[in-house]
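Since the structure comes first, as structure tokens, the remarks are kept for the end.
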2 protein chains.
Amino acid sequence: MTTIGFETHDHHACVSDALAKAEARCAASDLRLTPVRRRVLELLLAEHRALGAYDILGHLSAEGLGTQPPVAYRALDFLVKAGFAHRIEALNAYIACAHLGADHTPAFLICRSCRSVAESDTAPSQGRLGDAARDAGFQIEHTVIEAQGLCPACQTGDAA
Amino acid sequence: MTTIGFETHDHHACVSDALAKAEARCAASDLRLTPVRRRVLELLLAEHRALGAYDILGHLSAEGLGTQPPVAYRALDFLVKAGFAHRIEALNAYIACAHLGADHTPAFLICRSCRSVAESDTAPSQGRLGDAARDAGFQIEHTVIEAQGLCPACQTGDAA
DNA sequence: TCGGGTATTGATATGTTATAACATCCGGTC
DNA sequence: GACCGGATGTTATAACATATCAATACCCGA
Ligand SMILES: [Zn+2]
Ligand SMILES: [Zn+2]
Ligand SMILES: [Zn+2]
Ligand SMILES: [Zn+2]
């Protein structure tokens, strides 16, 4: 299990690596990483934090890449469908995938204070949830696993 | 592990039992199950389905109990805080708790076709998520565990 | 029963997130 | 060049949620 987000790391490499992987994947899968889509991915990659669609739109608009909500939502939809980003349901926000390329079932650790998000790659079977689904005859297509609390940095300051 | 929602059951008893438990809990904890709050709980209990705040508001308004959004949101906040209802993050919607009285960490099985929701009382599902949090030094306060897919009934019809 | 604090409700306005609908452009193909 | 499909531009609106302040109900002790 790998958790990415709170550790200090070579983030510049982290970003360029993710962009390179996204480009390779697009080339291989006949997807188009257009300027707006690429820029939105860069914005999401800039920090390991969740950004709202309208945060994104603010940046795009400042850069002359589009001013209306569909611009941001289309790009985000593309990135999420392509697996380059994830939606954080508990925040109605979006974050770049930290395990680009790997087929995974993400779980998130979300700091309520600084809004940073760590992506943990949990086991796919979802232990007990999978059992419950099987018992109930429920066919799982997608799971949302999000834990909210305080990240290591914010615990020391103990931001209420 | 108990999953409630898809099985056929004595739903009339299910509802009155839940209302009785809620009343008992309010009496014991100095909480007030006012008319609007009680009615909203009844509406949520009516089916094992998630209802949006504005669905609720529609009913309330038809019954002369209030017409403005805060009426619904206040009642829902009360019910959620009291543990009588849960918020489904993936739907921005609300559902009555199926394990009233028990201290539990709910997990939900959400049918994308009929919007019915089963509440499974998993073990503090922090199996692997808890491990990841511990490794990262993250202090979990609340978890969201929601699986989306098709319920048994909707698989047969295979609603796309 | 009177006051005073607290919880609740009423009412208005606004903020935030997301999509529908339709026109237009642009690159590749025949 | 005509066509097609994906991507964008543009307008409007739907859906979800909260801030704020005034008014009222409730409880409790003086
Ligand atoms: Zn990084
Ligand atoms: Zn933090
Ligand atoms: Zn029932
Ligand atoms: Zn169903």
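Every chain is numbered from 1, with letters handed out A, B, ... down the list of sequences. Atoms considered below: every heavy atom in the structure, side chains included; atoms not considered: hydrogens, waters and symmetry mates.
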* **Atom-to-atom span, CG of A:Leu60 to P of D:dT10 - whole angstrom** => 14 Å
* Could you tell me whether A:Phe78 contacts a base, only the sugar-phosphate backbone, or nothing, with contacts defined as non-hydrogen atoms closer than 4.0 Å? => nothing
* What's the shortest heavy-atom distance between A:Glu119 and A:Ala96, and which atoms? -> OE1-O, 4.0 Å
* **B:Asp77 CG - C:dA7 C1' separation (whole Å)** => 14 Å
* Structure fact -> In whole angstroms, the gap separating C1' of C:dA18 from CD of A:Glu89 amounts to 13 Å
* To do: Give a yes-or-no answer on whether the side chains of B:His142 and A:Glu146 include a donor-acceptor pair shorter than 3.5 Å.
  => no
* Could you walk me through whether B:His86 and B:Tyr94 pass the ring-ring contact (aromatic ring centres under 6.0 Å, His included) check? -> CA-CA 6 Å; B:His86 301 293; B:Tyr94 303 82; over 10 Å; no
* To do: Send over the distance from A:Leu51 CG to C:dT16 C1', rounded to a whole Å.
  => 15 Å
* To do: Round to a whole Å and report the spacing from CG of A:Leu33 to P of D:dG6.
  => 18 Å
* **Spacing of A:Arg37 atom CZ relative to D:dG6 atom P, expressed in whole Å** => 11 Å
* Asked: Heavy atom of residues 67-74 of chain A under 4.0 Å from DNA chain C: which residues?
  -> A:Pro69, A:Pro70, A:Tyr73, A:Arg74
* **Rounded distance in Å - CG (A:Asp30) to P (D:dG6)** => 10 Å
* To do: Look at A:Arg87 and C:dT17 and indicate whether a side-chain polar atom (N or O) is within less than 4.0 Å of OP1 or OP2.
  => no
* Salt bridge check: are A:Asp77 and A:Lys81 linked by an N-O gap of less than 4.0 Å? -> no
* Asked: A:Tyr54 has a side chain; which of C:dA18, D:dA17, C:dT9 sits nearest to it?
  -> C:dA18
* Take the angle between the ring planes of A:Phe138 and B:Phe6 and call it parallel below 30°, perpendicular above 60°, tilted in between. => parallel
* Asked: Nearest to the side chain of A:Thr34, which nucleotide is it out of D:dT8, D:dA17, C:dA18?
  -> D:dT8
* Asked: Are B:Asp131 and B:Arg134 close enough for a salt bridge, meaning some N to O gap below 4.0 Å?
  -> yes
* Does a side-chain heavy-atom distance below 4.5 Å link A:Asp55 with A:Leu43? -> no
* To do: Could you check how far CG of B:Leu57 sits from P of C:dG10, rounded to whole Å?
  => 12 Å
